[in-house]
Amino acid sequence: MRTTFVSRAFGTSSRKKTFYFLLISATGAATLTYNHTVNPHWLTSHTDRRSPLYYITTSLNGAVRSSRSLYTITANVIDYKYSLQGLSPDTDQYRRILSEVHLRSAKRILKLCEINQGFYIKAGQFIASMRQVPKEYSSTLASLQDQAVPCSFEAIKEVLISNLGSELKDIFLSIDEKPIAAASIAQVHRALLKDHHEVVLKVQYPGLKNRMKVDIATMSLLATCVTWFFPEYRFQWMVSEFSEVIALELDFIQEARNSIRTAMNFKHSSRIKIPKVFQELTTNQVLTMEYCRGRRVDDLEFIWDMGIDPKKVAKVLVEAFAEMIFVRGFVHGDPHPGNILVSSDEKEGFCLVLLDHGIYRSLDEEFRVNYCKLWKALILLDSHKIQEVGEHFGIGKYSKYLPLIFTGRTINSKAALGNGMSVEERTNLKQEVKSLTMGNISEFMESLPSEFLTVLRTDALIRSLASKLGAPQRVRLLIYANFALDGLSANPHLDSDFVLKGVCNRIMARINHLQVRLLLGLLQLLYWIGDTRQALVTWSKQVAFLINRLFNHTHSITF
């Protein structure tokens, strides 16, 4: 008897029956889902939040969103299982089909996020920012960075009144009803205080925390179900990390504290600006900050119009986040382009305004120091030290991939910092990667400390921005290397396998750091000479071209 693709994917075990039950449950909500797809807010748009009907419609809304999620994930799981069945992972056909499945699945998830909105938009942004996911997912879901459906001002005003009091006119001279920005959990309105201070009000969407509980529970259940059907596909680590991030972002009082702490950390820098927080007008759902003018950091046209070299912007950006990671141990976890503005400055020419301080990670001191050690080892191509630090992070045999993740070199590479792999290295790596399975990737991600996931995500976003601004990879690598040494210099007694005792050991540690500093300085000098030489060659070609044109023009006039 001919088998169906469901039978091929799941076999004839009890899992198949469970699968049918889940699929029927999802299909059962199809009519309701259709209505909600046409108008995502139809269930709650005109419902009194204090009435029993509101709670009924909210629950119904959650069921619709959950059933839609179930359908999408089920379709993706079947697609992977059925499309790849019987193919050998080390063949070109397998890799081609896998890429096609990745793309189809990413498009389904994109559609799910666009319809469900809210936390699904945030989850899609979260996935897109992770370098550990296939490029088909990150590129497809990247479009979610600027997608959010604004809430009506009536609903926003209700939140303002419940948090700041009914007499808003006693606080504000005016509030612009049209939002200047709308994100997945809040939207921002300009306002003018009674003392004529220009401020922005970041207002959380009403009913968000209730939806969060349902959505996170749904994501967790789906991740568990996928793992149950396919043990090699384990995504619970991603759900756990995302739920932790979202819980932080929903507390605006904590965001205010993060903002104040970051402002203190950068009080020495004239290039980094943190908007002032008005604490007396800040609650869990409303955050009041000074209004700062500027444009998105990836707005190249604006940057050029200001007469600024985008590479200088990239350098300041990378330095700021390197200081957060390696020295301060207090890291902004969501540096996407909308959260960083380029603003004009009379003294410096420009400064960067850092916004949205909801997602921060305080790095454990031991982790911070070990992360600094890792970068020192990456600079020196010290494979033994890289493996040793990898053991501290708990990733064991996967430590050899750390140079590849951060510097684009293999662990035994002899290439200079910032240079790519040789042809031989690429060939060997390609053969090695063929043996990796989805189970290996899941095992690697599960073994990473949560702090590591944060710095990976932040590094991926900063790397992408620096690239858009035209900065070569070596700029980021050299800056990271220098700040890693700064982080170790602040704790010289920790840059050893044992607590340093005596002046001699301290002096030796300082000499060691000085040697690495000299190496970095030499690399920077060589890169500068190379860039200068290239600039001179380009300039001489342009001059020769102009002289040639002038000569030809004069010659034609003579004749």
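Below, all heavy atoms of this structure are taken into account, side chains as well, without hydrogens, waters or symmetry copies. Throughout, numbering of the chain's residues begins at 1 and tracks the sequence.
The shortest distance between side-chain heavy atoms of S450 and T454 does not fall below 4.5 Å. Within the 4.5 Å cutoff, the side chain of F393 has no heavy atoms near those of the L448 side chain. With contacts defined as side-chain heavy-atom distances shorter than 4.5 Å, the pair L193/L281 qualifies. Residues I379 and Y480 have side chains not in contact (no heavy-atom distance under 4.5 Å, counting atoms from C-beta outward). In this structure, the side chains of H332 and D334 come closer than 4.5 Å at one or more pairs of heavy atoms. At least one side-chain heavy atom of L287 sits less than 4.5 Å from a side-chain heavy atom of V277. Between L354 and N339 the shortest side-chain heavy-atom distance does not fall below 4.5 Å. Here the side chains of R257 and Q254 are in contact, with some heavy-atom distance below 4.5 Å.
Take F350 and apply the ring pair (Phe, Tyr, Trp, His ring centres under 6.0 Å) test, not counting sequence neighbours, and it matches no residue. Taking the salt bridge (charged side-chain N to carboxylate O under 4.0 Å, His left out) definition, one finds that R476 meets it with D459, sequence neighbours left out. With sequence neighbours left out, the side-chain hydrogen bond (donor to acceptor under 3.5 Å, both in side chains) criterion links E280 to no other residue. Residues passing the ring pair (Phe, Tyr, Trp, His ring centres under 6.0 Å) test with F266: none are found, sequence neighbours excluded. Residues satisfying the ring pair (Phe, Tyr, Trp, His ring centres under 6.0 Å) test with F252, not counting sequence neighbours, are none. A search for ring pair (Phe, Tyr, Trp, His ring centres under 6.0 Å) contacts involving H102 returns Y80, Y137, not counting sequence neighbours. In this structure E323 satisfies the salt bridge (charged side-chain N to carboxylate O under 4.0 Å, His left out) test together with R328, sequence neighbours excluded.
Contact record, I386 with P403: CD1-CG, 3.8 Å, taken as the closest heavy-atom pair. In terms of heavy-atom proximity, I161 sits nearest to S166 at CG2-CA, 3.6 Å. Contact between R296 and P337 at its shortest, heavy atoms only, is NH2-CB, 3.3 Å. Closest heavy-atom contact between C372 and G487: SG-CA, 3.9 Å.
The NE2 atom of H336 lies 9.5 Å from the CG atom of L355; values are rounded to the nearest 0.5 Å. To the nearest 0.5 Å, the span separating CG on L341 from SG on C292 amounts to 7.5 Å. Atom SG of residue C151 and atom CD of residue E158 lie 9.5 Å apart, to the nearest 0.5 angstrom. If you take CG on L352 and CD1 on I340, they are separated by 7.0 Å, rounding to the nearest 0.5 Å. Of the inter-residue distances, the one linking F330 atom CZ with S362 atom OG reads 5.0 Å to the nearest 0.5 angstrom. In this structure, the separation between NE2 on H196 and CG on L192 is 6.5 Å, given to the nearest 0.5 Å.
Between the side chains of T262 and Y360, at least one donor-acceptor pair of N or O atoms lies under 3.5 Å.
Sorted pairs that involve residues 284-320 and meet ring pair (Phe, Tyr, Trp, His ring centres under 6.0 Å), not counting sequence neighbours, are lacking altogether. Residue pairs satisfying the side chain to side chain donor-acceptor pair (under 3.5 Å) criterion with at least one member in residues 341-353, sequence neighbours excluded, are listed as follows: S270-E348. Residue pairs meeting the salt bridge (charged side-chain N to carboxylate O under 4.0 Å, His left out) criterion with at least one partner in residues 180-193, sequence neighbours excluded, are R190-E198. Residue pairs meeting the salt bridge (charged side-chain N to carboxylate O under 4.0 Å, His left out) criterion with at least one member in residues 349-363, sequence neighbours excluded, are K202-D356, E241-R361, E244-R361.
Distance alone, capped at 3.5 Å, is enough to place a donor-acceptor pair between the N370 side chain and the E366 backbone. Within the 3.5 Å criterion, the main-chain N or O of L103 finds no donor-acceptor partner in the side chain of T140. Panel note: side chain Y205, backbone I185; no donor-acceptor pair is recorded below 3.5 Å. Checked by atom type and distance alone, the side chain of R68 never pairs as donor or acceptor with a backbone atom of L112 at under 3.5 Å. Here the side chain of S139 pairs a donor or acceptor atom with the backbone of K135 at under 3.5 angstrom. Between the S467 side chain and the R463 main chain, no donor and acceptor come within less than 3.5 Å of each other. Here the side chain of N258 pairs a donor or acceptor atom with the backbone of H357 at under 3.5 angstrom.
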| task | Please report the C-alpha distance between L456 and I405 in whole Å, then the side-chain angles of each, then the deciding distance to 0.1 Å, and finally whether the side-chain contact (heavy atoms from CB on, under 4.5 Å) criterion is met. | result | CA-CA 9 Å; L456 273 176; I405 292 171; 3.7 Å; yes
| request: Report the C-alpha separation of E451 and Y371 in whole Å, then their side-chain angles, then the decisive distance to 0.1 Å, and conclude whether the side-chain contact (heavy atoms from CB on, under 4.5 Å) test is met. | output: CA-CA 10 Å; E451 294 101 328; Y371 193 67; over 6 Å; no
| request: Decide side-chain contact (heavy atoms from CB on, under 4.5 Å) for I274 and I260; before the verdict, give the C-alpha distance in whole Å, the side-chain angles of both, and the deciding distance to 0.1 Å. | output: CA-CA 8 Å; I274 312 297; I260 293 167; over 6 Å; no
| said: Apply side-chain contact (heavy atoms from CB on, under 4.5 Å) to residues L168 and K157 and explain how you reach the verdict. | reply: CA-CA 9 Å; L168 294 179; K157 188 175 180 180; 4.2 Å; yes
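Exactly one residue among L469, I303, D298 makes a side-chain contact (heavy atoms from CB on, under 4.5 Å) with V342. That residue is I303. Here the options are I325, L485, L477, the test is side-chain contact (heavy atoms from CB on, under 4.5 Å), and the partner is W375; only L477 passes.
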Let me check something: any side-chain donor-acceptor pairs from residues 170-178 under 3.5 Å, sequence neighbours excluded? List them with distances.
from: D176; atom 1: OD1; to: K178; atom 2: N; distance (Å): 3.1

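Below 30°, between 30° and 60°, or above 60°: for F406 and F452 the angle between ring planes is between 30° and 60°, a tilted geometry.
Outside the 6.0 Å centre-distance limit, the rings of F367 and H392 are not counted as a close aromatic pair.
One finds no salt bridge joining K111 and E114 here, because no Lys/Arg side-chain nitrogen approaches an Asp/Glu carboxylate oxygen to under 4.0 Å.
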